[in-house]
Amino acid sequence: MAYGDRTVTGVTGSYCNYNSCVDVAFTEPPGETLRVPAGETLAFEYGGWATFGVEARAYPADPDGGTNYPTGELNLPVSRGSGIASLSADLPPERRYLLEVLVRAQSGSVSYLFQVETV
């Protein structure tokens, strides 16, 4: 996930391929936090493989570092290019979020998780 010249690596979450799925549970937020002004656009590189869609959801973080995942989700607008999706960080400012990006393809789906803080 990138904003401007700053890039952070998320973690792979739950995924499915053909007829099997693996669910991933997290006890701590994944990776480094990406700080971005509220309303700006983030870039997510999904490698260009043929997709049926890319979706993004943000889950507000609790003050103790957890999230109210999966309740309280905020859907983010996504537009796709060739291997890169643009996500609008249309979120309230001065909050931390767990950001989930779900990529769907013919062979299955995979989610990626990131920490984002709006400033």
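None of these values were measured; they are calculated from a predicted model.
- Under a 3.5 Å cut-off, the side chain of Thr33 and the backbone N or O of Val116 do not form any donor-acceptor pair.
- Annotation: the span from Tyr59 atom OH to Leu98 atom CG amounts to 7.5 Å, rounded to 0.5 Å.
- With sequence neighbours excluded, the residues that form a side-chain contact (heavy atoms from CB on, under 4.5 Å) with Ser86 are Thr41, Ser79.
- Under the side-chain hydrogen bond (donor to acceptor under 3.5 Å, both in side chains) criterion, Arg6 pairs with Glu32, sequence neighbours left out.
- Among residues at least two apart or in separate chains, salt bridge (charged side-chain N to carboxylate O under 4.0 Å, His left out) pairs with a member in residues 105-119 are Arg35-Glu117.
- Residues passing the side-chain hydrogen bond (donor to acceptor under 3.5 Å, both in side chains) test with Asp90: none are found, sequence neighbours excluded.
- The distance from the CZ atom of Arg95 to the CG atom of Leu74 is 8.5 Å, given to the nearest 0.5 Å.
- No side-chain heavy atom of Leu34 sits less than 4.5 Å from a side-chain heavy atom of Phe114.
- The aromatic rings of Phe44 and Tyr112 are tilted relative to each other, their planes meeting at an angle between 30° and 60°.
- By the side-chain contact (heavy atoms from CB on, under 4.5 Å) test, Tyr15 is found to be paired with Thr12, Val22, Val110, residues two or more places apart in sequence or in another chain being considered.
- Minimum heavy-atom separation, Ala89 to Val36: CB-CG1, 4.3 Å.
- One distance of note links SG of Cys16 with CG of Leu102; it measures 9.0 Å at 0.5 Å rounding.
- Ala58 approaches Tyr97 most closely through the heavy-atom pair CB-CD2, 4.0 Å.
- Of all heavy-atom pairs between Ala38 and Pro92, the closest is CB-C, 4.5 Å.
- For the side-chain contact (heavy atoms from CB on, under 4.5 Å) test, residues two or more places apart in sequence or in another chain that qualify with Asn75 are Arg57, Glu73.
- Here the OH-CZ distance, from Tyr46 to Arg104, works out to 14.5 Å after rounding to the nearest 0.5 Å.
- Summarising the geometry, atom CD belonging to Glu100 is positioned 10.5 Å from atom CG belonging to Leu76; distances are rounded to the nearest 0.5 Å.
- Residues Glu55 and Val78 come closest through the heavy atom pair C-CG2, 4.2 Å.
- The closest donor-acceptor contact from the side chain of Thr7 to the backbone of Ala2 lies at 3.5 Å or more, if one exists at all.
- A donor-acceptor pair under 3.5 Å is formed between the side chain of Ser14 and the backbone N or O of Val24.
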